[in-house]
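Below you'll find the structure, written out as C-alpha coordinates, and then a few comments.
Keep in mind that this is a model prediction, so the values were computed, not measured.
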Amino acid sequence: MSNNVYQQLVDEFMARVKVKNPGEAEFHQAVQEVVESLIPYVEENPQYKHAKILERMTEPERVILFRVPWMDDKGEIQINKGYRIEMSSAIGPYKGGLRFHPTVNMGILKFLAYEQVLKNSLTTLPMGGGKGGSDFDPKGKSDNEVMRFCQSFMTELQRHIGPDTDVPAGDIGVGGREIGFMFGQYKRLRNEFTGVLTGKGLEWGGSLIRPEATGYGNVYFAQEMLKTRGLDFAGKTVAISGSGNVAQYATEKVTMLGGKVVTLSDSNGTIYDPQGINAEKLAWILWLKNVKRGRIKEYVDKWGGEYFHEQRPWNVKCDVALPCATQNEVNKQDALTLVKNGCYCVSEGANMPSTPEAVEVFIAAKILYGPGKAANAGGVATSGLEMSQNSMRLNWTRERVDQELHTIMINIHKTCQKYGTEPDGFINYVKGANIGGFVKVADSMLAQGLV
Ligand code: NDP
Ligand code: 2IT
(Lines give C-alpha, C1' and ligand atoms only; values in the text may rest on other atoms or scores of the structure.)
(Ligands and ions follow the chains in the order given, each with its own letter.)
Protein backbone atom coordinates (compact mmCIF):
# COMPACT_ATOMS: atom_id res chain seq x y z
CA MET A 1 0.00 0.00 0.00
CA SER A 2 1.33 3.47 -0.78
CA ASN A 3 2.06 6.17 1.79
CA ASN A 4 -0.84 8.18 0.41
CA VAL A 5 -3.30 5.40 1.16
CA TYR A 6 -1.94 5.07 4.71
CA GLN A 7 -2.20 8.83 5.18
CA GLN A 8 -5.81 8.72 4.08
CA LEU A 9 -6.57 5.96 6.61
CA VAL A 10 -4.86 8.00 9.34
CA ASP A 11 -6.89 11.09 8.37
CA GLU A 12 -10.15 9.14 8.44
CA PHE A 13 -9.26 7.58 11.80
CA MET A 14 -8.37 10.98 13.27
CA ALA A 15 -11.53 12.60 11.92
CA ARG A 16 -13.56 10.02 13.89
CA VAL A 17 -11.43 10.50 17.04
CA LYS A 18 -11.94 14.27 16.88
CA VAL A 19 -15.72 13.98 16.50
CA LYS A 20 -15.96 11.55 19.42
CA ASN A 21 -13.57 13.52 21.68
CA PRO A 22 -14.15 17.19 20.89
CA GLY A 23 -11.77 19.81 22.27
CA GLU A 24 -9.19 17.32 23.59
CA ALA A 25 -6.18 18.64 21.65
CA GLU A 26 -3.45 16.75 23.54
CA PHE A 27 -5.38 13.48 23.26
CA HIS A 28 -5.74 13.99 19.49
CA GLN A 29 -2.00 14.70 19.27
CA ALA A 30 -1.01 11.55 21.16
CA VAL A 31 -3.40 9.34 19.18
CA GLN A 32 -2.24 10.78 15.84
CA GLU A 33 1.40 10.01 16.58
CA VAL A 34 0.54 6.43 17.51
CA VAL A 35 -1.79 5.67 14.60
CA GLU A 36 0.71 7.07 12.09
CA SER A 37 3.04 4.28 13.20
CA LEU A 38 0.38 1.64 13.67
CA ILE A 39 -1.96 1.91 10.70
CA PRO A 40 0.61 0.49 8.25
CA TYR A 41 1.35 -2.30 10.75
CA VAL A 42 -2.33 -3.09 11.27
CA GLU A 43 -2.91 -3.17 7.50
CA GLU A 44 -0.13 -5.77 7.25
CA ASN A 45 -1.59 -7.75 10.17
CA PRO A 46 -5.32 -7.86 9.39
CA GLN A 47 -6.31 -9.82 12.52
CA TYR A 48 -5.92 -6.52 14.40
CA LYS A 49 -7.87 -4.62 11.79
CA HIS A 50 -10.88 -6.96 11.78
CA ALA A 51 -11.08 -6.91 15.58
CA LYS A 52 -10.93 -3.06 15.50
CA ILE A 53 -8.14 -3.17 18.09
CA LEU A 54 -6.95 0.39 17.40
CA GLU A 55 -10.47 1.79 17.67
CA ARG A 56 -11.07 -0.08 20.93
CA MET A 57 -7.73 1.03 22.41
CA THR A 58 -8.63 4.65 21.70
CA GLU A 59 -11.79 4.49 23.86
CA PRO A 60 -11.07 4.36 27.64
CA GLU A 61 -12.54 1.31 29.38
CA ARG A 62 -13.86 3.66 32.06
CA VAL A 63 -13.66 7.36 32.98
CA ILE A 64 -14.33 8.50 36.54
CA LEU A 65 -15.00 12.19 37.20
CA PHE A 66 -15.81 13.53 40.65
CA ARG A 67 -16.07 16.56 42.90
CA VAL A 68 -13.30 17.21 45.43
CA PRO A 69 -14.47 19.68 48.09
CA TRP A 70 -12.02 20.81 50.79
CA MET A 71 -11.50 23.69 53.18
CA ASP A 72 -8.48 26.00 53.02
CA ASP A 73 -6.61 27.43 56.01
CA LYS A 74 -8.81 30.53 56.05
CA GLY A 75 -11.94 28.41 56.42
CA GLU A 76 -13.04 29.05 52.84
CA ILE A 77 -14.55 26.18 50.86
CA GLN A 78 -12.69 25.13 47.71
CA ILE A 79 -13.92 22.82 44.95
CA ASN A 80 -11.70 20.95 42.49
CA LYS A 81 -12.31 18.30 39.87
CA GLY A 82 -10.97 14.78 40.38
CA TYR A 83 -10.39 12.30 37.55
CA ARG A 84 -9.26 8.75 36.90
CA ILE A 85 -9.02 7.46 33.33
CA GLU A 86 -8.97 3.64 33.31
CA MET A 87 -7.74 3.21 29.76
CA SER A 88 -6.79 -0.45 29.37
CA SER A 89 -6.68 -3.53 31.61
CA ALA A 90 -5.68 -5.89 28.78
CA ILE A 91 -2.36 -6.94 30.33
CA GLY A 92 -2.77 -6.09 34.03
CA PRO A 93 -4.46 -3.77 36.53
CA TYR A 94 -4.72 -0.13 35.45
CA LYS A 95 -1.44 1.59 36.36
CA GLY A 96 -0.28 5.17 36.02
CA GLY A 97 0.29 8.41 37.86
CA LEU A 98 -1.83 11.18 39.32
CA ARG A 99 -1.14 14.76 38.23
CA PHE A 100 -2.09 17.78 40.36
CA HIS A 101 -1.72 20.91 38.24
CA PRO A 102 -4.09 23.76 37.33
CA THR A 103 -3.89 22.84 33.62
CA VAL A 104 -5.25 19.31 34.20
CA ASN A 105 -8.32 18.51 32.09
CA MET A 106 -9.87 15.52 30.37
CA GLY A 107 -7.80 15.84 27.18
CA ILE A 108 -4.48 15.96 29.04
CA LEU A 109 -5.30 12.97 31.23
CA LYS A 110 -6.58 10.94 28.27
CA PHE A 111 -3.37 11.62 26.34
CA LEU A 112 -1.32 10.53 29.35
CA ALA A 113 -3.43 7.39 29.92
CA TYR A 114 -3.20 6.50 26.22
CA GLU A 115 0.60 6.78 26.23
CA GLN A 116 0.72 4.85 29.50
CA VAL A 117 -0.88 1.73 27.96
CA LEU A 118 1.91 1.35 25.39
CA LYS A 119 4.63 2.44 27.82
CA ASN A 120 3.59 -0.10 30.44
CA SER A 121 3.52 -2.83 27.82
CA LEU A 122 7.07 -1.92 26.76
CA THR A 123 8.33 -2.49 30.32
CA THR A 124 7.40 -6.22 29.89
CA LEU A 125 5.70 -6.11 33.33
CA PRO A 126 1.99 -7.01 33.76
CA MET A 127 0.47 -3.52 34.02
CA GLY A 128 -2.50 -2.01 32.18
CA GLY A 129 -2.72 1.75 31.67
CA GLY A 130 -4.43 4.59 33.50
CA LYS A 131 -3.93 8.17 34.61
CA GLY A 132 -5.68 10.58 36.90
CA GLY A 133 -5.38 13.73 38.88
CA SER A 134 -6.92 17.09 39.58
CA ASP A 135 -6.82 20.74 38.60
CA PHE A 136 -5.69 21.38 42.21
CA ASP A 137 -2.50 23.47 42.41
CA PRO A 138 -0.23 22.40 45.29
CA LYS A 139 1.96 25.50 44.77
CA GLY A 140 1.64 27.97 47.62
CA LYS A 141 -0.58 25.63 49.68
CA SER A 142 0.30 24.70 53.26
CA ASP A 143 1.01 21.07 54.17
CA ASN A 144 -2.35 21.00 55.98
CA GLU A 145 -4.19 22.23 52.91
CA VAL A 146 -2.47 19.62 50.74
CA MET A 147 -3.42 16.96 53.30
CA ARG A 148 -7.08 17.98 53.40
CA PHE A 149 -7.22 18.01 49.62
CA CYS A 150 -5.55 14.58 49.34
CA GLN A 151 -7.91 13.10 51.93
CA SER A 152 -10.97 14.42 50.12
CA PHE A 153 -9.61 13.22 46.75
CA MET A 154 -8.97 9.72 48.11
CA THR A 155 -12.33 9.53 49.88
CA GLU A 156 -13.92 9.20 46.44
CA LEU A 157 -11.07 7.57 44.50
CA GLN A 158 -10.80 4.65 46.97
CA ARG A 159 -14.05 3.16 45.63
CA HIS A 160 -12.50 2.68 42.22
CA ILE A 161 -8.95 1.48 42.91
CA GLY A 162 -7.21 -1.44 44.63
CA PRO A 163 -3.97 -3.43 44.39
CA ASP A 164 -5.48 -5.82 41.79
CA THR A 165 -7.70 -3.21 40.10
CA ASP A 166 -5.98 0.13 39.64
CA VAL A 167 -2.71 1.31 41.21
CA PRO A 168 -2.01 5.06 40.98
CA ALA A 169 1.37 6.76 41.60
CA GLY A 170 2.88 10.25 41.30
CA ASP A 171 3.30 12.61 38.35
CA ILE A 172 3.56 16.42 38.16
CA GLY A 173 2.65 17.91 41.55
CA VAL A 174 2.33 14.51 43.22
CA GLY A 175 5.42 13.34 45.12
CA GLY A 176 6.18 11.56 48.38
CA ARG A 177 4.16 13.98 50.50
CA GLU A 178 0.96 13.60 48.49
CA ILE A 179 1.30 9.81 48.13
CA GLY A 180 1.68 9.61 51.93
CA PHE A 181 -1.50 11.56 52.62
CA MET A 182 -3.46 9.56 50.05
CA PHE A 183 -2.14 6.21 51.30
CA GLY A 184 -3.07 7.13 54.89
CA GLN A 185 -6.65 7.96 53.89
CA TYR A 186 -7.03 4.81 51.76
CA LYS A 187 -5.83 2.65 54.66
CA ARG A 188 -8.15 4.35 57.08
CA LEU A 189 -11.23 3.96 54.87
CA ARG A 190 -10.57 0.42 53.65
CA ASN A 191 -8.81 -0.98 56.70
CA GLU A 192 -6.15 -2.65 54.55
CA PHE A 193 -2.42 -2.14 54.15
CA THR A 194 -1.80 -3.04 50.52
CA GLY A 195 0.20 -1.94 47.50
CA VAL A 196 -2.62 0.29 46.22
CA LEU A 197 -0.27 3.18 45.42
CA THR A 198 3.38 3.22 44.34
CA GLY A 199 6.00 5.78 45.17
CA LYS A 200 5.39 5.09 48.86
CA GLY A 201 7.92 5.96 51.57
CA LEU A 202 10.62 3.37 52.23
CA GLU A 203 9.37 2.74 55.77
CA TRP A 204 5.82 1.88 54.66
CA GLY A 205 6.03 -0.28 51.56
CA GLY A 206 7.98 1.86 49.09
CA SER A 207 10.78 0.58 46.89
CA LEU A 208 14.37 1.72 46.87
CA ILE A 209 15.23 3.46 43.56
CA ARG A 210 11.59 4.41 42.78
CA PRO A 211 12.33 8.14 43.39
CA GLU A 212 15.37 7.93 41.10
CA ALA A 213 13.84 5.57 38.54
CA THR A 214 12.39 7.85 35.85
CA GLY A 215 15.48 10.06 35.65
CA TYR A 216 17.94 7.18 35.90
CA GLY A 217 15.95 5.13 33.40
CA ASN A 218 15.88 7.99 30.92
CA VAL A 219 19.65 8.28 31.09
CA TYR A 220 20.06 4.49 30.74
CA PHE A 221 17.89 4.66 27.61
CA ALA A 222 19.92 7.57 26.21
CA GLN A 223 23.09 5.58 26.95
CA GLU A 224 21.78 2.72 24.78
CA MET A 225 20.93 5.14 21.97
CA LEU A 226 24.40 6.71 22.17
CA LYS A 227 26.01 3.24 22.09
CA THR A 228 24.49 2.57 18.65
CA ARG A 229 26.78 5.36 17.41
CA GLY A 230 29.80 4.38 19.52
CA LEU A 231 29.24 7.26 21.98
CA ASP A 232 28.73 7.67 25.73
CA PHE A 233 28.07 10.44 28.28
CA ALA A 234 31.69 11.07 29.30
CA GLY A 235 32.59 14.71 28.68
CA LYS A 236 29.23 15.50 27.01
CA THR A 237 27.28 18.70 27.62
CA VAL A 238 23.67 18.02 28.56
CA ALA A 239 20.68 20.40 28.66
CA ILE A 240 17.84 19.35 30.96
CA SER A 241 14.48 21.07 31.45
CA GLY A 242 12.38 20.96 34.60
CA SER A 243 13.74 20.72 38.13
CA GLY A 244 11.30 18.25 39.66
CA ASN A 245 11.60 14.54 40.33
CA VAL A 246 12.56 13.43 36.83
CA ALA A 247 15.00 16.28 36.11
CA GLN A 248 16.72 15.90 39.49
CA TYR A 249 17.63 12.25 39.06
CA ALA A 250 18.44 12.57 35.36
CA THR A 251 20.96 15.22 36.44
CA GLU A 252 22.40 12.89 39.07
CA LYS A 253 22.86 9.97 36.67
CA VAL A 254 24.37 12.07 33.84
CA THR A 255 26.88 13.48 36.32
CA MET A 256 27.70 9.98 37.63
CA LEU A 257 28.44 8.94 34.03
CA GLY A 258 30.85 11.83 33.48
CA GLY A 259 28.53 14.20 31.62
CA LYS A 260 28.03 17.88 32.45
CA VAL A 261 24.47 19.16 33.02
CA VAL A 262 24.37 22.89 32.27
CA THR A 263 20.66 23.79 32.50
CA LEU A 264 17.55 23.19 34.59
CA SER A 265 14.26 25.10 34.52
CA ASP A 266 10.81 25.59 35.96
CA SER A 267 7.68 27.30 34.68
CA ASN A 268 9.28 30.72 35.33
CA GLY A 269 12.60 30.31 33.54
CA THR A 270 15.91 28.54 32.97
CA ILE A 271 19.23 28.53 34.83
CA TYR A 272 22.46 28.07 32.88
CA ASP A 273 25.62 26.99 34.69
CA PRO A 274 28.50 26.46 32.24
CA GLN A 275 30.59 24.88 35.04
CA GLY A 276 28.03 22.09 35.34
CA ILE A 277 25.58 21.16 38.10
CA ASN A 278 27.75 18.87 40.25
CA ALA A 279 26.66 16.65 43.15
CA GLU A 280 26.96 19.44 45.74
CA LYS A 281 24.84 21.86 43.70
CA LEU A 282 22.31 19.13 42.97
CA ALA A 283 21.94 18.31 46.68
CA TRP A 284 21.08 21.98 47.20
CA ILE A 285 18.52 21.87 44.36
CA LEU A 286 16.83 18.85 45.99
CA TRP A 287 16.51 20.88 49.18
CA LEU A 288 15.30 23.96 47.24
CA LYS A 289 12.61 22.08 45.30
CA ASN A 290 11.57 19.31 47.70
CA VAL A 291 11.88 20.98 51.11
CA LYS A 292 11.84 24.75 50.67
CA ARG A 293 9.62 24.45 47.56
CA GLY A 294 11.33 27.50 46.06
CA ARG A 295 11.97 28.67 42.47
CA ILE A 296 14.90 27.63 40.27
CA LYS A 297 16.06 31.25 39.76
CA GLU A 298 17.33 31.17 43.37
CA TYR A 299 20.12 28.90 42.07
CA VAL A 300 22.07 31.75 40.49
CA ASP A 301 22.16 33.75 43.74
CA LYS A 302 23.74 30.78 45.45
CA TRP A 303 25.94 29.24 42.74
CA GLY A 304 26.32 31.82 39.95
CA GLY A 305 25.61 31.24 36.28
CA GLU A 306 22.82 32.93 34.33
CA TYR A 307 19.03 33.06 34.65
CA PHE A 308 16.89 33.35 31.51
CA HIS A 309 13.47 34.58 32.59
CA GLU A 310 10.52 32.93 30.81
CA GLN A 311 12.85 30.97 28.55
CA ARG A 312 13.33 27.26 28.02
CA PRO A 313 16.80 25.66 27.89
CA TRP A 314 16.86 24.84 24.17
CA ASN A 315 18.95 27.81 22.99
CA VAL A 316 21.95 26.55 24.93
CA LYS A 317 24.56 24.58 22.97
CA CYS A 318 24.53 20.93 24.01
CA ASP A 319 25.30 17.39 22.81
CA VAL A 320 22.32 15.78 24.51
CA ALA A 321 18.92 17.27 25.49
CA LEU A 322 16.66 15.68 28.10
CA PRO A 323 13.24 17.40 28.25
CA CYS A 324 11.94 16.53 31.74
CA ALA A 325 9.23 19.13 32.48
CA THR A 326 5.94 18.84 30.59
CA GLN A 327 4.08 18.27 27.30
CA ASN A 328 4.82 20.41 24.23
CA GLU A 329 7.83 22.15 25.77
CA VAL A 330 9.97 21.65 22.63
CA ASN A 331 8.49 23.26 19.53
CA LYS A 332 9.68 23.27 15.92
CA GLN A 333 11.89 26.34 16.39
CA ASP A 334 13.46 24.82 19.53
CA ALA A 335 14.14 21.59 17.63
CA LEU A 336 15.75 23.46 14.73
CA THR A 337 17.93 25.41 17.18
CA LEU A 338 19.01 22.24 19.00
CA VAL A 339 19.98 20.50 15.76
CA LYS A 340 21.72 23.62 14.41
CA ASN A 341 23.78 23.86 17.61
CA GLY A 342 24.96 20.28 17.20
CA CYS A 343 22.65 18.36 19.53
CA TYR A 344 22.52 14.73 18.35
CA CYS A 345 20.49 13.01 21.05
CA VAL A 346 17.09 13.89 22.56
CA SER A 347 15.70 11.54 25.20
CA GLU A 348 12.33 12.40 26.71
CA GLY A 349 11.93 12.20 30.49
CA ALA A 350 8.61 14.03 30.25
CA ASN A 351 5.51 12.73 28.46
CA MET A 352 5.11 14.10 24.91
CA PRO A 353 7.43 17.10 25.48
CA SER A 354 8.08 17.54 21.75
CA THR A 355 5.39 18.86 19.42
CA PRO A 356 4.73 16.78 16.26
CA GLU A 357 6.61 19.42 14.23
CA ALA A 358 9.64 19.13 16.55
CA VAL A 359 9.60 15.33 16.23
CA GLU A 360 9.58 15.72 12.44
CA VAL A 361 12.71 17.90 12.67
CA PHE A 362 14.55 15.29 14.79
CA ILE A 363 13.59 12.40 12.52
CA ALA A 364 14.43 14.32 9.33
CA ALA A 365 17.85 15.20 10.80
CA LYS A 366 18.29 11.49 11.76
CA ILE A 367 19.46 12.32 15.24
CA LEU A 368 18.91 9.91 18.14
CA TYR A 369 15.37 10.67 19.31
CA GLY A 370 13.82 8.61 22.13
CA PRO A 371 10.10 9.31 22.69
CA GLY A 372 8.77 9.48 26.26
CA LYS A 373 6.82 6.25 26.20
CA ALA A 374 10.11 4.37 25.77
CA ALA A 375 12.64 6.71 27.39
CA ASN A 376 10.71 7.52 30.59
CA ALA A 377 9.26 4.04 31.18
CA GLY A 378 11.76 3.40 33.99
CA GLY A 379 9.50 5.17 36.50
CA VAL A 380 6.48 2.98 35.97
CA ALA A 381 8.70 -0.09 35.54
CA THR A 382 10.07 0.47 39.03
CA SER A 383 6.51 1.00 40.25
CA GLY A 384 5.89 -2.48 38.87
CA LEU A 385 8.85 -3.72 40.90
CA GLU A 386 7.38 -1.98 43.96
CA MET A 387 4.11 -3.89 43.37
CA SER A 388 6.01 -7.18 43.17
CA GLN A 389 7.80 -6.47 46.44
CA ASN A 390 4.49 -5.51 48.09
CA SER A 391 2.85 -8.75 46.93
CA MET A 392 5.78 -10.77 48.26
CA ARG A 393 5.98 -8.62 51.41
CA LEU A 394 9.72 -8.26 50.86
CA ASN A 395 12.11 -5.39 50.15
CA TRP A 396 14.80 -5.77 47.55
CA THR A 397 18.18 -4.03 47.84
CA ARG A 398 19.05 -0.82 46.06
CA GLU A 399 21.51 -2.70 43.83
CA ARG A 400 18.93 -5.29 42.83
CA VAL A 401 16.22 -2.78 41.90
CA ASP A 402 18.69 -0.59 40.01
CA GLN A 403 19.98 -3.63 38.13
CA GLU A 404 16.43 -4.69 37.16
CA LEU A 405 15.61 -1.14 36.05
CA HIS A 406 18.77 -1.00 33.95
CA THR A 407 17.99 -4.36 32.30
CA ILE A 408 14.41 -3.24 31.55
CA MET A 409 15.66 -0.05 29.86
CA ILE A 410 18.18 -2.04 27.77
CA ASN A 411 15.36 -4.37 26.72
CA ILE A 412 13.02 -1.51 25.82
CA HIS A 413 15.80 -0.16 23.62
CA LYS A 414 16.13 -3.58 21.96
CA THR A 415 12.37 -3.71 21.34
CA CYS A 416 12.51 -0.26 19.70
CA GLN A 417 15.42 -1.44 17.56
CA LYS A 418 13.52 -4.57 16.53
CA TYR A 419 10.39 -2.74 15.36
CA GLY A 420 11.90 0.60 14.39
CA THR A 421 15.02 -0.07 12.32
CA GLU A 422 14.58 1.28 8.78
CA PRO A 423 16.19 -0.13 5.61
CA ASP A 424 19.09 2.37 5.82
CA GLY A 425 19.84 1.32 9.42
CA PHE A 426 18.33 4.44 11.04
CA ILE A 427 16.37 3.55 14.16
CA ASN A 428 12.99 5.26 14.22
CA TYR A 429 12.30 4.98 17.94
CA VAL A 430 8.81 6.46 17.55
CA LYS A 431 7.74 3.65 15.29
CA GLY A 432 9.68 1.08 17.34
CA ALA A 433 8.07 2.11 20.63
CA ASN A 434 4.56 2.34 19.22
CA ILE A 435 4.60 -1.06 17.49
CA GLY A 436 6.66 -2.69 20.25
CA GLY A 437 4.17 -1.54 22.90
CA PHE A 438 1.12 -2.37 20.79
CA VAL A 439 1.67 -6.05 19.97
CA LYS A 440 1.31 -7.49 23.49
CA VAL A 441 -1.76 -5.36 24.28
CA ALA A 442 -3.38 -6.20 20.95
CA ASP A 443 -2.75 -9.96 21.23
CA SER A 444 -4.16 -9.94 24.77
CA MET A 445 -7.28 -8.15 23.53
CA LEU A 446 -7.73 -10.72 20.76
CA ALA A 447 -7.41 -13.56 23.28
CA GLN A 448 -9.89 -12.04 25.73
CA GLY A 449 -12.72 -11.58 23.22
CA LEU A 450 -14.92 -8.56 22.62
CA VAL A 451 -14.78 -6.79 25.98
P1 NDP B 1 7.43 17.43 39.24
O2 NDP B 1 6.16 18.02 39.69
O3 NDP B 1 8.34 16.82 40.24
O4 NDP B 1 8.28 18.49 38.41
C5 NDP B 1 7.76 19.09 37.28
C6 NDP B 1 8.77 20.10 36.75
O7 NDP B 1 8.35 20.54 35.46
C8 NDP B 1 8.89 21.33 37.63
O9 NDP B 1 10.16 21.86 37.51
C10 NDP B 1 7.84 22.25 37.00
O11 NDP B 1 8.07 23.62 37.23
C12 NDP B 1 8.02 21.94 35.53
N13 NDP B 1 6.75 22.19 34.84
C14 NDP B 1 5.55 21.61 35.10
N15 NDP B 1 4.60 22.11 34.32
C16 NDP B 1 5.21 23.04 33.55
C17 NDP B 1 4.76 23.89 32.54
N18 NDP B 1 3.46 23.90 32.17
N19 NDP B 1 5.68 24.70 31.95
C20 NDP B 1 6.98 24.69 32.34
N21 NDP B 1 7.46 23.90 33.30
C22 NDP B 1 6.60 23.08 33.89
O23 NDP B 1 7.03 16.34 38.11
P24 NDP B 1 7.87 15.14 37.52
O25 NDP B 1 9.32 15.47 37.51
O26 NDP B 1 7.42 13.91 38.19
O27 NDP B 1 7.31 15.08 36.02
C28 NDP B 1 7.93 15.74 34.93
C29 NDP B 1 7.51 15.08 33.64
O30 NDP B 1 7.89 13.70 33.65
C31 NDP B 1 6.01 15.06 33.35
O32 NDP B 1 5.80 15.17 31.96
C33 NDP B 1 5.58 13.68 33.83
O34 NDP B 1 4.40 13.25 33.20
C35 NDP B 1 6.79 12.88 33.38
N36 NDP B 1 6.98 11.58 34.02
C37 NDP B 1 7.09 11.48 35.38
C38 NDP B 1 7.31 10.24 35.95
C39 NDP B 1 7.51 10.09 37.42
O40 NDP B 1 7.78 8.96 37.84
N41 NDP B 1 7.43 11.12 38.21
C42 NDP B 1 7.38 9.02 35.15
C43 NDP B 1 7.35 9.26 33.71
C44 NDP B 1 7.13 10.50 33.20
P45 NDP B 1 7.11 24.42 38.26
O46 NDP B 1 7.58 24.01 39.61
O47 NDP B 1 7.35 25.85 37.95
O48 NDP B 1 5.70 24.00 37.98
O1 2IT C 1 4.07 8.90 33.38
C2 2IT C 1 4.42 7.96 34.14
O3 2IT C 1 4.84 6.89 33.68
C4 2IT C 1 4.34 8.18 35.59
N5 2IT C 1 3.98 9.27 36.01
C6 2IT C 1 4.66 7.05 36.52
C7 2IT C 1 3.47 6.13 36.68
C8 2IT C 1 3.61 5.06 37.73
O9 2IT C 1 2.60 4.36 37.91
O10 2IT C 1 4.67 4.91 38.34
Side-chain angles (χ1 to χ4, degrees), residues 6 33-45 48 91 115-125 127 213-233 236 250 253-254 257 319-323 339 343-354 358-382 384 402-443:
Y6 288 142
E33 187 233 81
V34 167
V35 298
E36 279 176 359
S37 301
L38 284 177
I39 279 186
Y41 187 75
V42 166
E43 289 297 318
E44 285 160 22
N45 295 274
Y48 302 132
I91 64 170
E115 293 273 294
Q116 199 80 46
V117 174
L118 299 172
K119 184 197 303 194
N120 293 4
S121 167
L122 282 169
T123 67
T124 71
L125 301 176
M127 299 181 290
T214 313
Y216 277 21
N218 183 26
V219 176
Y220 293 148
F221 190 85
Q223 229 184 343
E224 292 308 300
M225 292 201 291
L226 290 170
K227 261 190 215 162
T228 65
R229 299 196 181 173
L231 299 166
D232 62 29
F233 271 103
K236 302 300 185 304
K253 185 53 82 177
V254 167
L257 295 173
D319 299 299
V320 178
L322 307 178
V339 171
C343 172
Y344 47 77
C345 176
V346 177
S347 190
E348 296 182 340
N351 286 305
M352 205 168 76
S354 306
V359 176
E360 249 176 62
V361 170
F362 297 142
I363 303 240
K366 302 216 169 199
I367 69 163
L368 300 165
Y369 166 67
K373 67 170 75 66
N376 73 36
V380 73
T382 309
D402 194 22
Q403 183 59 54
E404 297 226 10
L405 164 65
H406 199 161
T407 305
I408 287 170
M409 297 316 295
I410 291 172
N411 287 336
I412 294 175
H413 184 270
K414 281 192 190 137
T415 301
C416 291
Q417 236 171 342
K418 173 175 168 190
Y419 290 105
T421 302
E422 296 189 336
D424 65 355
F426 172 69
I427 305 170
N428 184 327
Y429 290 92
V430 175
K431 188 170 145 199
N434 287 336
I435 301 175
F438 171 78
V439 173
K440 190 166 74 164
V441 177
D443 288 342

Separation between CG (Leu125) and CG (Asn120), nearest 0.5 Å, reads 8.5 Å

What do you reckon, is NZ of Lys227 surrounded by more than 12 foreign heavy atoms closer than 6.0 Å?
yes

Test of understanding: with side chain to side chain contact (heavy atoms under 4.5 Å, CB included), list the residues that count as partners of Glu43, not counting sequence neighbours.
Met1, Tyr6, Leu9, Ile39, Lys49

What pair of heavy atoms forms the shortest contact from Ala375 to Met409, and how long is it?
O-CE, 3.6 Å

Examine distances only and state if a side-chain atom of Thr407 and a backbone atom of Gln403 form a donor-acceptor pair shorter than 3.5 Å.
yes

Could you tell me if the ring centre of Phe438 sits under 6.0 Å from that of Tyr419?
no

Check whether any side-chain heavy atom of Tyr41 sits under 4.5 Å from a side-chain heavy atom of Asn434, and report yes or no.
no

Report yes or no: do Asn376 and Thr214 form a side-chain donor-acceptor pair below 3.5 Å?
no

Least distance between heavy atoms, Ile363 atom then Val430 atom
CD1-CG2, 4.0 Å

Please give me the minimum heavy-atom distance between Phe221 and Gly370, naming the atom from each residue.
CE2-CA, 4.0 Å

The test is side chain to side chain contact (heavy atoms under 4.5 Å, CB included); show your working for Val254 and Leu322 and say whether it passes.
CA-CA 10 Å; Val254 167; Leu322 307 178; 3.9 Å; yes

Check the orientation of Tyr220 and His406. Use parallel for under 30°, tilted for 30 to 60°, and perpendicular for over 60°.
parallel

Drop me the distance from Cys343's SG to Tyr369's OH, to the nearest 0.5 angstrom.
12.0 Å

Rounded to the nearest 0.5 Å, what's the gap from CG on Asn45 to CG on Asp443? Could you check?
9.0 Å

Can you give me the closest heavy-atom contact between Asn218 and Gly349, atom names plus distance?
ND2-N, 3.4 Å

Rounded to the nearest 0.5 Å, how far apart are CD1 of Ile410 and OG1 of Thr415?
12.0 Å

Any side-chain heavy atom of Asp319 within less than 4.5 Å of one from Cys345?
no

Between CD on residue Glu224 and SG on residue Cys416, distance to nearest 0.5 Å
11.0 Å

Point-to-point distance, once rounded to the nearest 0.5 Å, from CG of Asn428 to NZ of Lys366:
9.0 Å

I want to check something: taking the side chain as every heavy atom from C-beta on, are Leu226 and Gln223 in contact at a cut-off of under 4.5 Å?
no

Applying side chain to side chain contact (heavy atoms under 4.5 Å, CB included), run through Glu404 and Thr382 and close with a yes or a no.
CA-CA 8 Å; Glu404 297 226 10; Thr382 309; over 6 Å; no

Considering all heavy atoms, the nearest Lys253-Asp402 contact:
NZ-OD2, 4.4 Å

For Leu122 and Gly436, which heavy atoms make the closest approach, and how far apart are they?
CD2-C, 3.8 Å

side-chain hydrogen bond (donor to acceptor under 3.5 Å, both in side chains) with Tyr429: of Glu348, Lys373, His413, only one passes, and it is His413

